[in-house]
Every structure is written in structure tokens, then in C-alpha cells.
Amino acid sequence: MNVPEFLIKCLNAQYGEEESNKILTGYAMRRPVTFRVNLLKSSKDEVERQCATLGINIKSAPVPCAYFAENLREREIAEMPLYKEGKIYLQSLSSMLPPYLLAPQRDENILDMTAAPGGKTSLLSALSGGEAFLTACEKDKIRAERLKYNLAKLSVPRTSVLVQDALSLDEFYRFDKILLDAPCSGSGTLTPDGEIKISEKLVENSVKLQEKLLRKSLKLLKKGSVMVYSTCSVLKEENEGVLEKVLKEGDFELLPPEMPFSVPRLKSLKNTLLVPPDGQFEGFFCALIKKN
Ligand code: SAM
């Protein structure tokens, strides 16, 4: 794999040889395709039955309602009626983590600040039994169209989409919970065959935007409430660095990121969750923040 030299150096400096080798080995692993059952429209039973009828071999993944489709490509899954009807959604296991950490409940007003294409918005809704009120914000017009399409296809109720820069959201708003799945360098998601887009400039620009978006989301959060900050990066400057800088500007605390299932972890700042890339998970970072 052609991992850029600057990234190898950063990982070595941040994690030491042993852990950075773990990350580099994880990049080179081929992960099976994963999908989750959309509980807003279907059930594990229906999906397992239909896959069995079609002779498709699926295996339960460590995240509830998620499956590995070991012998299929995403393209082949996208041909299945279950997919076309919005009963399953192609999603990496790591991308399913933030909604579980945020634990959405009935009638809560939740902001998904950077939402397209909607994998996490739809899981937030499903985890609340379709009973949370969701506001999904997305700046990019084309990606926002994809978001609307996916939300309609997955029959996600009680959701409104805002096509706008989250940084310009009216500060009059207050939400019970917020998910900030921030735009990032993608340093957790390198794959053996994928195009490698990461650069030092992208990391630098991502950090600047992440800090601004985190400040904004903390303003929009009700006092006493929690939000999740997540990225698909394993670089400390985009994760712990952003948190350490922004959280000291007010009365905020990190709460233990307890997941209702087991997830691989690398050592990281206290009360944060850093998932190394491996044969099942992409590299990912999550933190649960409380506004006091
Ligand atoms: N949470 C999404 C999901 O699980 O499907 C993935 C979100 S992706 C990591 C980040 C998204 O943030 C991109 O769609 C990007 O266009 C959007 N974005 C970037 N800057 C933004 C801003 N200032 N306001 C709103 N959205 C923004």
C-alpha cells in the first residue's frame, strides 16, 4: 500500500512503533462488506429469511442488527430487493458507533450537524424506535439530495433536512442532543485498493473546520445535555487535539464512552474511544461530551 510518508511519520510519533504498526497493518486488511437491517422498515428475521432464500451467506457482526456479507461486493448488495426497498443499508461498522453512543430517546430533539448521506441520521431514528425528532443539516447541495433520498427510502419519520452551513445555524436553537460527525482527513479509512486522498493540507484544514463546528455545536446544545463528536480519522490533532482545545473554553466534560457491545480500542485520551482499523472495523474516533 502507498501510505503517504507524512502519515506514517505522524502515526509513529503519536502512537509509537507497536501501535502505529497495528494501524498500518489494519489499513492493509480487506474488510468484508457490512450492512445493517433498517428496523424502521424490516426485521432481522425478514432479512435473514430473504438472504437464505436467495442463497446469500451472511454472518452476524459485532454491532446489533449488522451483518457481514463475506462473498458479496457492495454493488451486488445494491441489486438486492432488500436494499432497493430500504430494508437494509450499506454501512461500515465504525460508522454505526456514534448513534449508539448518543443513545437517542423518544421525543428528543436531536441535531445531526453534518448529516449526508444519512447513515447515522437513519440509525439515530431507528434506535429511538422512530420516535426522536431529527434535524439533519448538510451544507453540500448534491450530498443533501442524497441525504433526502436516503431518508425517504429508509422511511425515516420526524426528520427535517436543512441544506445550509451548520456554522450559520441560528444560535436561538437549542437541542436535547447533537451528533457532530465531523468532516475529516479520513485517515482511519485507508484501504488496499482505495484512492488515497489524505494530505497534510487536508489534515490542517480539517482541524480548523472541526474546531469551528465543535464550538458551534456546543452553543446549540442545551445545558445538562450530551453530544457526540466523531471522526473517521485516527490522527490525534483531529480528535483529542480538537477536544482539548475547544472543551477548555467552557464548562464541558467527557463522559465514559460506554458501548452496549464490544469494540476494539487503542489507547487514547481518558473517556474517548479510538478504534483501530482491523479486519472488521475502520479506524474511528468517538467522544461523548456533556455541557454543564
Ligand atoms: N454523518 C454522515 C453519515 O453517517 O452518513 C457522514 C458525514 S461526513 C463525515 C461529513 C459531512 O459534512 C459531509 O457530507 C460534508 O459535506 C458535510 N459538511 C462539511 N462542512 C459542513 C458545514 N459547515 N455544515 C454542514 N455540513 C458540512
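Ligands are counted one by one from 1 in listed order, and the atoms in each one are counted from 1 as well. Side chains included, hydrogens not; waters and symmetry mates left out as well; all remaining heavy atoms used.
- Close approach of ligand 1 to Asp140 is summarised as follows: ligand atoms under 4.0 Å from at least one heavy atom of the residue are 16 (O).
- In terms of protein heavy-atom proximity, atom 24 (N) of ligand 1 is closest to Ala166 N, 2.9 Å.
- Salt bridge status for Lys223 with Asp251: absent, with no side-chain N to carboxylate O gap under 4.0 Å.
- Atom 14 (O) of ligand 1 has its closest protein heavy atom at Arg143 NE, 2.5 Å.
- Using a 4.0 Å heavy-atom cutoff, Met113 is listed among the residues neighbouring ligand 1.
- Salt bridge annotation for Lys245-Glu211: present, with a cationic side-chain nitrogen under 4.0 angstrom from a carboxylate oxygen.
- For Thr114 and Asp181, the side-chain atoms include no donor-acceptor pair closer than 3.5 Å.
- With respect to atom 12 (O) of ligand 1, the closest heavy atom belonging to the protein is Thr114 CB, 3.1 Å.
- The protein heavy-atom contact nearest to atom 11 (C) of ligand 1 is Glu138 OE1, 3.7 Å.
- For the pair Arg174 (side chain) and Glu171 (backbone), a donor-acceptor distance under 3.5 Å is present.
- Note on Glu70 versus Lys59: salt bridge recorded, some NZ/NE/NH1/NH2 to OD/OE distance being below 4.0 Å.
- For the residue pair Glu238/Ser185, the side-chain donor-acceptor check at 3.5 Å is satisfied.
- Looking at Gly119 next to ligand 1, an N or O pair under 3.5 Å apart turns up.
- Listed by atom number, the atoms of ligand 1 under 4.0 Å from Ala115 heavy atoms are 1 (N), 2 (C), 3 (C), 5 (O).
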Run the numbers on Lys267 and Glu19 for salt bridge (Lys or Arg N to Asp or Glu O under 4.0 Å), then give the verdict. CA-CA 9 Å; Lys267 198 160 180 283; Glu19 304 241 296; over 6 Å; no
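- Residue contacts with ligand 1 include Gln164, since one of its heavy atoms falls under 4.0 Å from the ligand.
- The nearest heavy-atom contact from the protein to atom 6 (C) of ligand 1 is Ala116 O, 3.1 Å.
- For atom 1 (N) of ligand 1, the closest non-hydrogen atom on the protein side is Asp181 OD2, 2.8 Å.
- At the top of the distance list for atom 4 (O) of ligand 1, counting protein heavy atoms only, stands Lys120 NZ, 2.9 Å.
- Distances below 4.0 Å separate heavy atoms of Pro117 from the following atoms of ligand 1: 3 (C), 5 (O).
- In terms of polar-atom proximity, Gly118 is counted as a contact of ligand 1, with an N or O under 3.5 Å from an N or O of the ligand.
- Annotation: Tyr83 is not in aromatic contact with Phe35 [ring centroid separation under 6.0 Å not met].
- Ligand-side atoms of ligand 1 in range of Pro183: 19 (C), 20 (N), range being under 4.0 angstrom from any heavy atom.
- At a cut-off of 3.5 Å, with distance as the only test, a side-chain donor of Asn12 or Ser20 sits close to an acceptor on the other residue.
- Of the charged side-chain nitrogens involved, at least one lies within less than 4.0 Å of a carboxylate oxygen, so that Glu204 and Lys201 count as a salt-bridged pair.
- Put simply, the side chain of Ser122 gets close to the backbone of Gly119: a donor and an acceptor are under 3.5 Å apart.
- Of the protein's heavy atoms, Asp165 OD1, 2.8 Å lies nearest to atom 23 (N) of ligand 1.
- On a distance-only criterion, Lys139 and ligand 1 share at least one N/O pair closer than 3.5 Å.
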